[in-house]
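Letters A, B, ... are given to chains in the order of the sequence lines, protein chains preceding strands, and every chain is numbered from 1. It should be emphasised that the depicted structure is a prediction, and the values quoted were computed from it without experimental measurement.
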4 protein chains.
Amino acid sequence: MTQVNAKLAKLNRVERNAWTKQNIFEAATKVVGKHGYAEASVARITEQAGVAQGTFYNHFENRQELLDQLLPKIGLDMVEFIRARTGTADAARQEISRFSAFFDFIREVPEFLRILNEAEFFAPIGYQKHLDNISVAYVRILRRARAAGAIHDYSDEEFEAIVHMLMGARGYLSRRYSYSADGVTAVPEHVISAYRKLMTRGLFNASGDQDTP
Amino acid sequence: MTQVNAKLAKLNRVERNAWTKQNIFEAATKVVGKHGYAEASVARITEQAGVAQGTFYNHFENRQELLDQLLPKIGLDMVEFIRARTGTADAARQEISRFSAFFDFIREVPEFLRILNEAEFFAPIGYQKHLDNISVAYVRILRRARAAGAIHDYSDEEFEAIVHMLMGARGYLSRRYSYSADGVTAVPEHVISAYRKLMTRGLFNASGDQDTP
Amino acid sequence: MTQVNAKLAKLNRVERNAWTKQNIFEAATKVVGKHGYAEASVARITEQAGVAQGTFYNHFENRQELLDQLLPKIGLDMVEFIRARTGTADAARQEISRFSAFFDFIREVPEFLRILNEAEFFAPIGYQKHLDNISVAYVRILRRARAAGAIHDYSDEEFEAIVHMLMGARGYLSRRYSYSADGVTAVPEHVISAYRKLMTRGLFNASGDQDTP
Amino acid sequence: MTQVNAKLAKLNRVERNAWTKQNIFEAATKVVGKHGYAEASVARITEQAGVAQGTFYNHFENRQELLDQLLPKIGLDMVEFIRARTGTADAARQEISRFSAFFDFIREVPEFLRILNEAEFFAPIGYQKHLDNISVAYVRILRRARAAGAIHDYSDEEFEAIVHMLMGARGYLSRRYSYSADGVTAVPEHVISAYRKLMTRGLFNASGDQDTP
DNA sequence: CATGAATGAGACTTCATTCAT
DNA sequence: AATGAATGAAGTCTCATTCAT
């Protein structure tokens, strides 16, 4: 057996291990996305993954540990997704884009909605991690907009509160307008226009508000 | 046994029946408020109420039925509480009052926060009922403000979206700023000022915004 | 329904409850006696008792609590059994009687052997309770013998050590000579004579030693 | 590859093999001594040894086989330790020395106590082997004492019973007086004096009893 | 011979609900 | 209507052992 083969064999072993973990992870994403955290028993997850229950505990300390990893991981995908769609327009239009892109992401990754919404109660550690990830980045964006003159008269503390309002609003709206029996539908146009008006008039210096040219 | 006695006995029985149900109801409020829906087992609720487990099922079809009644009932108390504190100032200032009063209410009735926040996942039917109660009333308020000239340029559909944003924002903020180890604390001033700015500039015709007199 | 009937009905309920608990208790005695504590799973015990697993937890906090009650309870039966067989001879002969009666009891209640011997590791709380029960009573007996002039030259502390030796010796011997494939057999005569010699010469004033008249 | 190299390599392999087995063995001794047989999972033992779980099964048929080897091996160390400390005094004094040396040994090798005491239930085969080792040797000692005139009036069968009593007494006393939160402490003087009195008066011809010179 | 992931049986415990009294 | 013991399904997790690499 050559060194290459030995290396390959070793790699294969490590890879196989990683594959199994990823496999369980994806199974959990599907199960939680479809049935919610409460119904995501280890039995259900491992069945979906096609492995034995005991295998689960070779890769995760316990059920909760996995659940707490779900949201932060997908949350980063979301951040990347939104960033890629934000463009280089003025700050207000960018914010509308982010708002829209959020709902696009929900349709792209339908599991995300439940994973996000239920996390607060079923995966509080993961939820907090996600919250920090998002709000820090969001406040930074608002600060830049303020530095660029696109926002007046908001303090850093107020930014933080605003960000929480925006996140809360999105969550609520997503539950209200995007859920459906099975599957996620697009958010209606009037939701976006309402958001645009509230933001461009309330937060930004009105440049993105089509209705007040 | 006279007819009077019979009637009295019957009345007593009915009263006692109602009292027991109310007793269980209040016990559930305490338990859910303190430990959350997930920990609100029938055993725990009946123990808190001082009745046997079996008694529970003489008054409620099943555990879920009770849980789903919790939020709508307290929700109405909240509506009344906020209405009483709203005053007769202009529409924008009234909205700020409502926002403030909401946070006052959760300090008045500390159980409300958990009952509200967790309801979406643990008592979805009750949650929906509450949602309808609130949003219908809220949209009506906004329509009146619009009719009175305090709001321009928002359609009815957009109102509905706005209301959901406001409710989402409140929920989020309440979880972020009002929870604490044991007990509920006041929401910081900068949260209220941020809300005021966003609302007076974004939704109303700016009259309530102290910063733009 | 007369008061008597009502009382009977109520008693029946209480009695039935006590019966179930006793039922589980006896099932546990059988299972532990036959297969040992380690194999005495709740499933096995409840199956033996003919009740559902859940029923177990209506009567015992957890598995360990029951296991820890086993030995002390049977231990008291043993004390009574031995006391009834001790007679009124001189102190040395009484001690030989107790030694003999212990082995008689083992044959009377074959489960006792495992319940006693394994308790130290599988039911340490119950074991300690039993230990205290026994050693306190035993030391008292030795003190009386000393007061009556049947024992010389042993201090209270030494009595305690002696008692532990006696108990240890019995345990060891019982395991060695009384166990058998399935069932408990009589202890051979030479074990008793060895014990008699050791005791009458070593502890007592030799009156009970047939070989030195 | 030269023959020398081949031989070296082979030797190394054998040595390495022996070393690994010894390594696992010592790890098991530590684990059982500290946490008891019940907690001595293969995972824990191999972790302590710094080898993979699978490696275990290259050296032992199964978990039980290893556990059953533990006591007999250390038991022989004990025999040697006691023999070295027994001296050449008269038979009764020698017996007291052995009794004392036993307690010295459990302080020297603190793991021994648990390995010995729990073995009866968790490693019955090893326990039996140990029992045979000890009792055969002990009976031989007593026979010699009898031949030398230090013991009268005990038959061989009675010797066997006596030995079991002595061993049982030691086990019991060691558990009672030598265990402590963490570590093993010396046995109190009054335990030794009680033993001396019982033995010198009950078994031997009283020469070792200081109190009856 | 070493590795360590995979297996799956089985353990304890919880809990909503039923039902005879 | 009140009681509370009985039920049994379901959940999480452990662990000795196997086997492909």
Side-chain angles (χ1 to χ4, degrees), chain A residues 1 5-6 8-14 16-21 38-46 50-64, chain B residues 13-14 16-17 20-21 38-47 51-64, chain C residues 1 5-6 8-14 16-21 38-46 50-64, chain D residues 13-14 16-17 20-21 39-47 50-64:
Chain A
M1 192 182 284
N5 277 353
L8 247 176
K10 199 179 180 184
L11 264 183
N12 277 343
R13 192 163 186 168
V14 170
R16 191 186 177 109
N17 188 18
W19 179 84
T20 301
K21 181 165 186 173
E39 305 295 315
S41 65
V42 173
R44 208 164 191 171
I45 293 170
T46 52
V51 299
Q53 283 201 47
T55 303
F56 184 95
Y57 293 91
N58 289 331
H59 297 276
F60 300 94
E61 199 65 38
N62 50 43
R63 175 178 174 267
Q64 198 58 48
Chain B
R13 186 178 285 177
V14 170
R16 190 190 177 101
N17 191 6
T20 301
K21 181 164 186 173
E39 305 294 315
S41 63
V42 173
R44 204 165 191 169
I45 292 169
T46 51
E47 189 197 27
V51 300
Q53 282 199 53
T55 304
F56 185 95
Y57 292 89
N58 290 329
H59 298 277
F60 301 93
E61 197 63 37
N62 52 41
R63 175 177 174 267
Q64 199 58 48
Chain C
M1 193 180 283
N5 277 352
L8 247 177
K10 200 180 179 184
L11 262 185
N12 277 343
R13 193 164 186 167
V14 169
R16 191 187 177 107
N17 187 18
W19 179 85
T20 301
K21 182 165 185 173
E39 305 296 315
S41 64
V42 174
R44 209 165 191 169
I45 292 170
T46 52
V51 300
Q53 284 201 45
T55 303
F56 184 95
Y57 293 91
N58 288 331
H59 297 276
F60 300 94
E61 200 66 38
N62 51 43
R63 174 178 174 270
Q64 197 59 47
Chain D
R13 186 177 284 177
V14 169
R16 190 188 177 102
N17 190 4
T20 301
K21 182 164 185 174
E39 305 293 314
S41 63
V42 173
R44 204 164 191 170
I45 292 170
T46 51
E47 190 196 28
V51 301
Q53 282 198 54
T55 303
F56 185 96
Y57 292 89
N58 289 327
H59 298 277
F60 301 94
E61 198 62 38
N62 51 42
R63 175 177 173 268
Q64 198 58 49

Partner residues of Asn62(D) under the side-chain hydrogen bond (donor to acceptor under 3.5 Å, both in side chains) criterion, sequence neighbours left out: none
Asn62(A) CG - dT14(F) C1' separation (whole Å): 13 Å
Contacts of type side chain to side chain contact (heavy atoms under 4.5 Å, CB included), residue Glu39(C), not counting sequence neighbours: His35(C), Arg44(C)
What are the atom names and distances for every N/O pair under 3.5 Å that joins the protein to nucleotides 8-11 of chain F?
from: dG8(F); atom 1: N7; to: Gly54(C); atom 2: N; distance (Å): 3.4

side-chain hydrogen bond (donor to acceptor under 3.5 Å, both in side chains) involving Asn17(C) - partner list, sequence neighbours excluded: His59(C)
All stems with DNA chain E, defined as three or more consecutive Watson-Crick or G-U pairs under 3.5 Å: E:2-21 with F:2-21
Nearest-Å distance for atom pair CD1/C1', residues Ile45(A) and dC13(F): 14 Å
Closest-nucleotide ordering on DNA chain E, the 5'-leading residue of Tyr57(B) and Asn58(D): Asn58(D)
Atom-to-atom span, CD of Glu61(A) to P of dC13(F) - whole angstrom: 10 Å
Side chain to side chain contact (heavy atoms under 4.5 Å, CB included) involving Ala43(B) - partner list, sequence neighbours excluded: Ser41(B), Gln53(B)
Atom pair distance, as rounded to whole Å: NE2 in His59(B) and P in dA2(F): 4 Å
Closest-nucleotide 5' rank along DNA chain E - winner of Thr20(D) and Asn17(A): Thr20(D)
Atom pair distance, as rounded to whole Å: CD in Gln64(B) and P in dC15(E): 15 Å
Gap between atoms CZ and C1', on Arg44(D) and dC15(F) respectively (whole Å): 13 Å
Euclidean distance, atom CD of residue Glu47(B) to atom C1' of dC15(E) [Å, nearest integer]: 14 Å
Spacing of Phe56(C) atom CZ relative to dA5(F) atom C1', expressed in whole Å: 15 Å
